Amino acid sequence: MRIEELKGVGKVRLKALERAGIARTEQLLWRYPKDYLNYDDRTAVGELHSGQRAVFLARVKKTSTARVNGLTLTYATVFDETGEISCVWFNQPYRARSLEIGATLLFVGLITRAKGTLRAQCPQVLPAETHGIEPVYPPIPDVPPRTYLGWVKQAWELGGVDLTDPLPERLRRQFSLPPFASALYALHFPQSLDALAAALRRQSFEDLLLFRICMKQLRARAGMGRALKANMTVIQPFVDALPYRLTGAQERVLLQALSDLESDVPMARLVEGDVGCGKTVIAFALLYCAFENGCQSAMMAPTEVLAHQHYLEAKRLLEPLGVRVRRLTGAVKGAERRETLAALQSGEADVVIGTHALIVESVQYKNLGVIVTDEQHRFGVRQRTALERKGRLAPHVLVMSATPIPRTMALVLYGDLDISIVDELPPGRKEVKTRIVPEAKRAGMYGFLLEAVKRGQQAYVVCPLVEESEMMDAASASETVQQMRKAMPGVRIELMHGRMKSEEKERVLGAFAAHEADILVSTTVIEVGVNVPNATVMVVEDAERFGLAQLHQLRGRVGRGDQQSWCFLMADPSERMRTMASTSDGFIIAKKDLELRGPGEMMGTRQSGMVEESVLRLAGDAVLMKQVEQAVESVFAQPENEENRALMQYARREMENRGLVVSRN
Ligand code: ADP
Ligand code: MG
């Protein structure tokens, strides 16, 4: 039914829905909640902690407003018998009026730490008697969440939706999955935690199953590749020119990849390895190998900053050997862009390094033979398959991931890839010493920073991101800078945050790399791959807000030179923080992260359409993952079976509709 049939959809909201790609009522039901709120799962104010998305009941003690940098900030102090907390909203001047002093209300929002104290960031305020489980949909600008919720109800009542179950009953029974229609109902209108859990399990099972079936089919049809002459002798000039010797692990993985290149079945290999293990040079060796074989190669990084860094490094290592290296990112414009595009098409460029810009339609390659994508977890399978389509013969693909994931999980996530693990760090690397620093010891930590700077070393300070508000992040990062400038006069401190233009970020990062700044304060934009060996201290503000795997990534930014390096986690001691302090093994940390996030987080994050997300959420559920594999096997064991054929077709169509894969033809 057309969306304007719904009550409450006027002109303005119709436009808003259209912009979000919603034109028919059925579509509301295909848009799944990204999260759920359980209003009955309340936390006492005294028990709130940073990073928590909390529901708490409290009384209003006082309110105030202030204007800062053109923002209107509204504050409220609220309390219960266990403690009090301050809430802040910005640009909602009506808030103060709606918060009656003495009223008891239900607050729902993210708890953060600002200048050492906890506060609730822009919480929703609801009547105290609110109960039950409510879905949270991905927001649509100009549509209040409550209004949207009402429409979903209406859409369900209107019906007219195809509720045919895509899963054969055989599988449903074997793996105790609820039928499609009742699962769909429970996802939108959860009546109990049990019903929701069953629906989510079915959903994950289905997502994963379709994804795996689709991947297996794609791999089978990947088509002919081009066999290259690829062995250690071919790349010897490159290896000889390196300023160091490859580690045993690097050499082993390189040999595996080279032997892939020798075959006309295109390589599809994942290289996993802890931060700093030296994956980049393996990639460059393959780019060099492509060059020796007279074909082009591309390397795709997830951010401008990282692409630029790889570009500089590639120029340094490859250009002396006669390789013509170009870069292509969103920031490359005008004449340089035109020249690069022309050079890629004519074959005058051998290697191109860039970002998503590499995969847009207008980029044409003469003979693309090898593709490397770095830090794959940032790219969906979609981008990968899109780039793979760029070659006339299917190119060889190497995917590098710095998120160490347990092997079983890698098999599921990257089931279409062969896996190599670089399990050795270059020699002479000292372990980064990690300490938990409670707020009370901040001054001491600044003292330590100052000493390091005096010795000529550099430091990173990372502030967490609040996804709701880049503005708040930029503001709180600037606060940190001010605080530090006061505490350490004369020290050169630069700020980098997500709201900056990419040229600006590049300038700041360049200055830091050139040691024109001693300390770089930033939001998590430095997370991936940045390499400044002289940086020996990493401070993570409000560390509790980060995932362990993310902290591990951040910590990997230091300890890259031969100096002893340090990582300070600004937080109170907790099991998570202690794990970080006690090990530097990324695989152990990843496992712990999954274990600790457990079922709570499982109810927490649900992103429709993102297979990676739903898989990660389930990674603790090894049983379910095994079951999915069993199901996949049973489907491929009888490909001629009518039901199985239908399921395979459905899987491809569905993955394409969701934009997760791009078909080759
Ligand atoms: P990652 O695997 O995290 O991407 P990088 O490729 O950025 O790691 O490598 C980290 C650092 O280690 C770089 O400075 C690189 O030059 C250096 N490096 C890589 N391999 C070796 C090696 N075999 N010996 C010494 N240093 C190495
Ligand atoms: Mg890297």
Side-chain angles (χ1 to χ4, degrees), residues 26 28-44 47 52-57 105-110 123-139 145-159 161 163-167 169 171-209 594 596-610 613-625 627-628:
E26 303 88 87
L28 294 175
L29 299 174
W30 304 137
R31 229 175 143 254
Y32 298 125
K34 70 173 169 71
D35 204 348
Y36 292 89
L37 273 172
N38 183 353
Y39 293 123
D40 299 318
D41 182 15
R42 303 174 178 192
T43 306
E47 308 272 298
Q52 185 185 12
R53 208 165 277 282
V55 178
F56 58 98
L57 192 69
L105 297 162
L106 194 66
F107 296 84
V108 182
L110 180 69
Q124 269 189 73
V125 183
L126 300 164
E129 46 294 342
T130 312
H131 285 288
I133 310 164
E134 197 171 275
V136 180
Y137 292 91
R146 280 296 163 96
T147 309
Y148 184 85
L149 212 64
W151 292 341
V152 179
K153 283 207 177 83
Q154 284 186 57
W156 180 268
E157 281 152 16
L158 283 171
V161 182
L163 294 175
T164 316
D165 202 320
L167 295 185
E169 201 185 329
L171 291 180
R172 244 169 36 229
R173 234 200 313 246
Q174 187 179 352
F175 299 106
S176 318
L177 302 166
F180 179 69
S182 63
L184 185 65
Y185 182 79
L187 287 178
H188 289 297
F189 316 105
Q191 303 296 312
S192 70
L193 284 176
D194 284 347
L196 178 57
L200 286 172
R201 179 169 167 276
R202 165 176 168 131
Q203 187 74 43
S204 307
F205 190 100
E206 185 183 315
D207 274 359
L208 201 53
L209 183 74
L594 298 172
L596 289 177
R597 276 192 296 177
E601 187 76 0
M602 252 184 79
M603 305 297 289
T605 52
R606 166 150 201 102
Q607 278 219 352
S608 60
M610 282 287 294
E613 197 82 22
S614 72
V615 172
L616 284 175
R617 191 164 46 77
L618 282 165
D621 195 343
V623 178
L624 188 111
M625 300 208 314
Q627 291 176 338
V628 169

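Just so it is clear, the model here is predicted, and its values are computed rather than measured.
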Should the pair Phe175 and Phe205 be assigned to parallel (<30°), tilted (30 to 60°) or perpendicular (>60°) ring geometry?
tilted
Any side-chain heavy-atom pair of Val55 and Leu106 under 4.5 Å
yes
Filter on side chain to side chain donor-acceptor pair (under 3.5 Å), then keep only pairs touching residues 176-188, sequence neighbours left out; what's left?
Tyr137-His188
Would you please name every residue forming a side chain to side chain donor-acceptor pair (under 3.5 Å) with Thr43, sequence neighbours left out?
Gln52
For a salt bridge (Lys or Arg N to Asp or Glu O under 4.0 Å) check, start with the C-alpha distance between Glu157 and Lys153, then their side-chain angles and the critical distance, and finish with the verdict.
CA-CA 6 Å; Glu157 281 152 16; Lys153 283 207 177 83; over 6 Å; no
Exercise: identify the closest heavy-atom pair between Leu28 and Ala155:
CD1-CB, 4.0 Å
In this structure, CZ of Phe180 is separated from OG1 of Thr164 (nearest 0.5 Å) by 8.5 Å
Does any part of the side chain of Val161, heavy atoms only, come nearer than 4.5 Å to the side chain of Trp156, both counted from C-beta?
no
Starting at CG of Leu209, measure out to CD of Gln627 and round the result to the nearest 0.5 Å.
11.5 Å
Distance (rounded to the nearest 0.5 Å) between Leu187 CG and Tyr36 OH
4.5 Å
Do you know the tightest heavy-atom contact between Thr130 and Arg42?
O-NH2, 2.9 Å
Is there a side-chain contact between Val125 and Phe107 in this structure, where contact means two heavy atoms from C-beta onward sitting under 4.5 Å apart?
yes
